[in-house]
Amino acid sequence: MATITREPRLATQTHYDLIIIGGGIYGVALAYTASQMGLTNLVIEKKDFGWSTTYNHLRTVHGGLRYLQTLDLHRFKESVAERHWFLKEFPGLVRPLPCLMPLYGNGPYRPSVFKMALLANDFLSRKRNESVAPGQELNNGQVISPEQVVNFFPQVDREGLKGGAVWYDGGMPFSQLLIMEMLQRACANKTTALNYMEAEDIVASKQKVCGVKCRDQETGAFLEFKSPRIINATGPWCRDLAAKFHDDDPDLFKYSIAWNVLFDRPSLSDYSLAIKPKRPNSSMYFVHGFNGRLMGGTIHSPWDKVCDNPQPSLQDVAAYIDDLNLTVPGLKLKQKDVLQIYSGLLPAQEQGTAKLANRPIIKDHGASGGPQGIYTVSGVKFTTARLVAEQALHTIFPHFKKNAAQPDVASSIQSTAEPDGLFSYDWYPEAGDEQWQERLSRIISNQSVHHLEDLILRRTTLGDNPHRALDIAPQITALFPWDAERKKQELENMTTYFQSRNTKSYGS
């Protein structure tokens, strides 16, 4: 796998086909796709790769079953195709996820209705297992008996239970490792990636883009990178950056918050459970196992502005816990059981609502009076990020196609091996075992790691267990060439991070 080398001064010497601002899933997908098209590209990210909304999600690759309810076949087919791509290209990091929905005979949630829906889902996605590795296939869905539901989900509410619907989606429990593998694949070809590099302004001549002025967040130096094309893929910040470069277009991003909760309680089932509280106008929640713990979401709420660490209120979290307790008899969750909240901003259809936008935006600023060569990409779903990247790049570079001479097979084969960053939830260093230090040192050297958070949260799975992460953090700082003061600051930052994502610490 390629090394991600952070050499900003050297990067200023290249004239790029494309500069991508933003290192979340959309920026990484753009870099990956551009590299496959043979385009020399630069990714700049003001913090670390995959640090914001990209890190804070339910870790599923949805195939689009829900779109059949509204007969949105276009979005259904897109989601099925992209789920297939993830399962095919990243075996081990993306894997089949069995899903179960208890059925109580209410409205569309009846066994007879779901039997038809699952048949349609399987027929319309009948090519979903083509060319995927053994063990990556998605089985057909089925409607099962109430007794089978109880067997798979012992704490299910049995009152009025008529059966259950079973289907299969994609799960990516180690999504942070997936992001970095995508970026490393891109860097193996035509991509240069710089984290902690903030775009300050564009360089333009005669209304045409020439490059980007940036500030190196690590050194404070100001640098210029050269390209006639810039894509703003900064997620929740895309509107602010577009305003700085050209105009404030509110349609680019109308804010809402999406959040998921990890509880320090055992998972309820080996299946991802789709459950709905028995009250009017309730939302469907997904609850599944995450490293043997209970993780639930996704909850969508209105939001009013962009910020680095959006968090739901204590009241919203309490209401969600009440819903889960109402839905699962004997669960008795409490706020003290909250281990970590994963939350980020997603685009809403209308400001002040929680209803998600249903289409990505690809804007050519030059076509609306701005400098030629500036584009903004504002996406909605992790699952379809690569597809949106492909659409954007074919719009910007209509004569370019995927570089057939650049195979991706080697990367796919390598991804079947256990990544250096994968640690079990309960793992702790053992006396005399130095292998873990070698693994982490290799990651530090090869994946542009500059802070403790980078390593613990976004290059490894060590941060999935907050207690363990904080316990071993002092040992991990010894792997960096830091003095005592720097180590202290990094440890404080790590503690603050976890405190800000736990209801015991943050305010409403």
Side-chain angles (χ1 to χ4, degrees), residues 20-30 45-47 50-58 62 64 66-67 70 72 74-75 78-79 199 230-260 281 283-285 297-313 315-317 319-320 341-370 374-385 387-389 391-392 395 508:
I20 301 158
I21 306 175
I25 179 57
Y26 276 83
V28 170
L30 282 160
E45 163 58 51
K46 70 176 182 177
K47 291 195 175 180
W51 71 277
S52 187
T53 306
T54 295
Y55 180 75
N56 293 289
H57 56 88
L58 198 56
H62 290 293
R66 55 188 165 176
Y67 298 136
T70 57
D72 192 343
H74 179 72
R75 295 184 76 191
E78 287 183 341
S79 296
I230 298 167
I231 297 183
N232 166 17
T234 54
W237 292 268
C238 70
R239 178 178 167 184
D240 286 358
L241 195 61
K244 182 182 290 187
F245 289 172
H246 170 219
D247 67 343
D248 184 4
D249 182 353
D251 288 334
L252 290 176
F253 206 102
K254 298 172 182 177
Y255 309 105
S256 72
I257 183 174
W259 48 282
N260 306 281
N281 303 315
S283 299
M284 181 73 69
Y285 299 127
T298 296
I299 306 96
H300 299 275
S301 308
W303 201 255
D304 59 354
K305 61 184 178 181
V306 67
C307 62
D308 284 358
N309 181 27
Q311 291 292 326
S313 68
Q315 291 87 345
D316 283 346
V317 176
Y320 175 57
I341 292 177
Y342 296 91
S343 59
L345 299 180
L346 287 176
Q349 290 186 22
E350 295 296 336
Q351 187 61 53
T353 72
K355 192 170 184 179
L356 283 186
N358 53 23
R359 290 288 186 269
I361 295 173
I362 301 171
K363 178 173 180 175
D364 179 354
H365 291 268
S368 57
I374 299 181
Y375 305 85
T376 294
V377 173
S378 179
V380 182
K381 294 174 59 181
F382 191 114
T383 304
T384 51
L387 175 64
V388 175
Q391 293 168 344
T395 298
S508 61

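Each residue takes its place number in the sequence, starting with 1.
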Could you go step by step and tell me if Leu356 and Gln349 meet the side chain to side chain contact (heavy atoms under 4.5 Å, CB included) rule?
-> CA-CA 5 Å; Leu356 283 186; Gln349 290 186 22; 6.0 Å; no
Do any side-chain atoms of residues 374-383 form donor-acceptor pairs under 3.5 angstrom with protein atoms, and if so which ones, sequence neighbours left out?
from	atom 1	to	atom 2	distance (Å)
Thr376	OG1	Asn232	ND2	3.2
Thr376	OG1	His365	NE2	2.7
Ser378	OG	Leu252	O	2.7
Lys381	NZ	Tyr67	OH	3.2
Lys381	NZ	Ser79	OG	2.8
Thr383	OG1	His62	N	3.3

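Atom-to-atom distance recorded for Asn260:CG and Thr298:OG1 is 3.5 Å, nearest 0.5 angstrom. Distance SG/Cys238 to CG/Leu241: 8.5 Å, rounded to 0.5 Å. Atom OG in Ser52 sits 9.0 Å away from atom CG in Asn309 (nearest 0.5 Å). A distance of 4.5 Å separates CD1 of Ile257 from CH2 of Trp303, quoted to the nearest 0.5 Å. Taken to the nearest 0.5 Å, the OH atom of Tyr26 stands 14.0 Å off from the CD1 atom of Ile20. Distance check, rounded to the nearest 0.5 Å: OG of Ser283 to CD1 of Ile299 gives 9.0 Å.
If you check the side chains of Gln311 and Ser343, you find a donor sitting under 3.5 Å from an acceptor.
Taking a cutoff of 4.0 Å between a charged side-chain nitrogen and a carboxylate oxygen, Glu350 and Lys355 do not qualify as a salt bridge. The pair Lys305-Asp240 does not meet the salt-bridge criterion, since no charged nitrogen lies less than 4.0 angstrom from a carboxylate oxygen. Salt-bridge check for Asp308 with Lys47: passed, with a basic side-chain N closer than 4.0 Å to an acidic carboxylate O. Looking at Asp248 and Arg239, a side-chain N of the basic residue comes within less than 4.0 Å of a carboxylate O on the acidic one, giving a salt bridge.
In this structure, Tyr55 and Gly50 approach most closely via the heavy-atom pair CB-O, 3.3 Å. What you find for Gly24 and Glu45 is that their closest heavy atoms are N-OE1, 4.1 Å. Across every non-hydrogen atom of Ala348 and Ser256, the tightest pair is CB-CB, 3.9 Å. Shortest non-hydrogen contact noted between Gly344 and Asn56 is N-CB, 4.2 Å. Smallest separation of non-hydrogen atoms from Pro312 and Val317: CG-CG2, 3.8 Å. Across all non-hydrogen atoms, the minimal contact from Lys244 to Ala199 is NZ-O, 4.1 Å.
In this structure, Thr54 has no side-chain hydrogen bond (donor to acceptor under 3.5 Å, both in side chains) partners at least two apart in sequence or on a different chain.
Just one of Phe253, Trp51, Tyr255 meets the ring-ring contact (aromatic ring centres under 6.0 Å, His included) condition when paired with Trp237; it is Trp51.
Tyr320 and Trp259 have perpendicular rings, their planes meeting at more than 60° on a 0 to 90° scale where under 30° would count as parallel.
No side-chain donor-acceptor contact under 3.5 Å links Thr384 to the backbone of Leu387. In terms of modelled atom types and a separation under 3.5 Å, the side chain of Gln351 and the main chain of Lys254 share no donor-acceptor contact.
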